[in-house]
Amino acid sequence: MSSFGPLRLPLALPRVERAGDDGVVAGVCAGIARALDVDPTFVRLVFAMLAFASGAGIVAYTGVWAILPAPGDAPPKRARLIAGTLLVVWAAILALRGLGLSDSLVWPLALVAAGVVLLSGRTFGLDEKRARLAALSLIVVGAVVFIGNNTRGTASTLLAPGAVAVAMLLVLGPWAWRLAREREAERAARIRTEERADFAARVHDSVLQTLTLIQKDPADARRLARRQERELRAWLYPDRAATAEGTLADAVETAAAEIEELHGVRVEVVRTGDAPLDERGQALVLAAREAMANAARHSGVDEVSVFLDAGDGAISLYVRDRGSGFDPDAVAADRRGLAESIRGRMERVNGTARIVSAPGQGTDVELELR
Amino acid sequence: MSRPLRRVVLVDDHDLFRAGVRAGLGKTVEIVGEAGSVADAVPLIKGVDPDVVLLDVHLPDGGGHAVIMQVAQERPGVKFLALSVSDAAEDVIAVIRAGARGYVTKAISGQELTEAVHRVADGDAVFSPRLAGFVLDAFRGGEPAADSELDQLTPREREVLQLIARGYRYKEIAARLHLSTRTVESHVSAVLRKLQLSSRHELTRWAAERRLI
């Protein structure tokens with residue numbers, strides 16, 4: 001049941017129960033009306049009119065009364081269900097005959113209808129396989145009776161194949177629909193399983209390996225954890241990580257990752273906008289990398305902030321630490337880091353580099369390309 | 001500096017992280033309750049009526065924004081500060097649009113977090129560098145419908161956000177721009193308001209991705 005509970009046919013009815021309070025006879029009409037959300041008087045009228053067709057309405061009423069549970073009650077027992085259903089079928093036959101249809105049409109119709117009901121999941125306690133078998137037999141017998149009854153007349157010979165086709169559609173349609181739904185569900189389940197396997201493999205290759213490494217050499221934990229975090233982020237949020245091969249922002253992220261690896265500091269990169277990585281961009285990234293390395297080596301703090309702002313024709317890149325700072329004027333001329341690797345590099349590509357620092361104030365490196 | 005004691009509820013589904021926050025927060029912040037899910041957090045917050053809720057963006061039974069939406073009506077005085085390891089703009093913007101007064105990443109130090117709690121309790125906004133980056137991205141360029149004051153940042157607000165994105169604290173921004181810290185705070189609060197109310201496409205899209213609109 002559980003395997004096909006949610007896949008019920010469209011024929012499956014909403015839960016209908018007798019109305020205990022505002023029924024006129026036994027609450028059958030009111031209950032149906034409530035389930036269909038129509039005026040009870042209308043339902044009563046239908047039953048009353050059916051009563052004129054050889055009493056079909058009365059029989060149907062009794063049958064439905066037997067089938068429907070009392071308000072708030074469990075569904076009725078199997079014997080009662082079967083008896084009720086038989087009554088309803090009998091009522092249907094009476095009604096159809098009352099409409100002037102010949103027996104040759106009514107009986108096969110009833111058989112086919114019973115088959116369809118069985119297929120719809122109302123199995124009356126039979127297991128699914130048996131119910132399906134019984135349903136198919138009923139339908140086949142119905143079809144055979146119909147064809148047998150109607151091969152005499154010429155008009156009926158034309159009608160017969162059409163009727164069979166309609167019957168087949170009625171029977172096989174819902175069944176095929178359910179089959180398709182089941183296949184869909186299976187496919188979804190398979191995709192989920194594959195995704196889980198992929199995820200497990202990924203976690204094993206990365207996170208578990210890192211944890212093992214950390215257990216072996218705790219001294220390296222910080223660096224390893226940071227690298228792991230970076231990798232995991234790139235995988236979980238691919239839109240923020242490498243969008244296309246080799247953009248400016250990617251190069252900055254890569255440089256930041258390298259500095260983290262080399263120096264065991266945390267480099268927080270914030271970026272807005274992006275630009276293709278051309279020759280000037282490469283110089284900018286190298287200058288920024290040098291600034292990050294300086295911050296990591298000399299500032300005495302373990303966090304460096306990087307902000308890349310690319311757009312509207314200008315690219316700005318800021319590297320900041322909150323560390324010891326220094327007096328830029330007092331830096332010996334032979335300190336190549338600042339003079340050559342940052343300033344020289346930027347000037348060669350028509351960019352600017354500004355270094356703002358003072359002892360105890362941290363350091364700001366502002367790089368700009370226009 | 002003498003500061004009023006702030007009562008805080010901590011909502012995060014990771015025990016380890018909660019323990020870390022408990023240990024890291026200063027003496028001016030008292031944790032009066034903890035929850036690990038939306039279902040637990042909502043009655044807890046309504047019950048203890050804290051000053052500030054530290055709220056994880058990701059919770060097992062719905063996002064942090066679900067907590068805000070179920071509490072804010074009844075307890076308008078409770079301030080929310082979002083915490084996350086997530087770098088996804090739609091997560092962060094979703095909690096802000098739901099009413100959070102700020103966003104910080106979980107890598108934040110205990111001292112800074114304490115500072116942020118007080119700031120939020122005082123009615124100010126707290127922006128991490130990354131949130132500032134998101135905002136600058138979202139408000140980049142002019143949109144055709146940008147006649148509304150809510151859909152544009154002023155040059156000053158943009159300047160303040162750029163400094164936040166660069167890693168500056170409010171006090172440092174104030175010094176650099178020759179403003180008072182109070183003025184910087186009011187600029188950031190104005191940006192928060194725009195972030196919550198603007199109909200700019202990026203913001204509505206990010207929020208819609210978390211089914212918030």
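Order of the sequence lines fixes the chain letters, A, B, ..., with proteins taken first and strands second; residue numbering starts at 1 for each chain.
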Point to revise | Full working for side chain to side chain donor-acceptor pair (under 3.5 Å) between A:S305 and B:R166 | key: CA-CA 6 Å; A:S305 303; B:R166 286 169 61 177; over 6 Å; no
Practice item. Please flag which part of A:E268 lies under 4.5 Å from any non-hydrogen atom of chain B: side chain, backbone, both or neither. Key: side chain
Check your understanding: Which bit of A:D364 comes within less than 4.5 Å of chain B, counting heavy atoms only: side chain, backbone, both or neither?
Key -> side chain
**Study point:** For the student: nearest non-hydrogen atoms of B:R130 and A:V269, plus distance
**Key:** NH1-O, 3.5 Å
Exercise for review: Check whether any side-chain heavy atom of B:E172 lies under 4.5 Å from a side-chain heavy atom of A:R320, and answer yes or no.
Suggested key: yes
Review point. So, are B:R176 and A:E366 salt-bridged, with charged N and O less than 4.0 Å apart?
Key: yes
Point to revise | A:D309 with B:R158: basic N within carboxylate O range, under 4.0 Å | key: no
Point to revise | Interatomic distance, A:Y318 atom OH to B:Y168 atom OH [nearest 0.5 angstrom] | key: 9.5 Å
Practice item. Look up atom CZ in A:F307 and atom CG in B:L136, then write down how far apart they are to the nearest 0.5 Å. Key: 5.0 Å
Exercise for review: Answer yes or no: does atom CG of B:L5 have more than 12 heavy-atom neighbours from other residues, nucleotides or ligands under 6.0 Å?
Suggested key: yes
Review point. With a cut-off of 6.0 Å (strictly less than), are more than 12 heavy atoms of other residues, nucleotides or ligands near CD of A:E258?
Key: yes
Practice item. Please name all residues satisfying side chain to side chain contact (heavy atoms under 4.5 Å, CB included) with B:D13, sequence neighbours left out, ordered by chain then number. Key: B:D56, B:L59, B:P60
Practice item. Show your working on side-chain contact (heavy atoms from CB on, under 4.5 Å) between B:F134 and A:V270 and close with a plain yes or no. Key: CA-CA 9 Å; B:F134 289 153; A:V270 175; over 6 Å; no
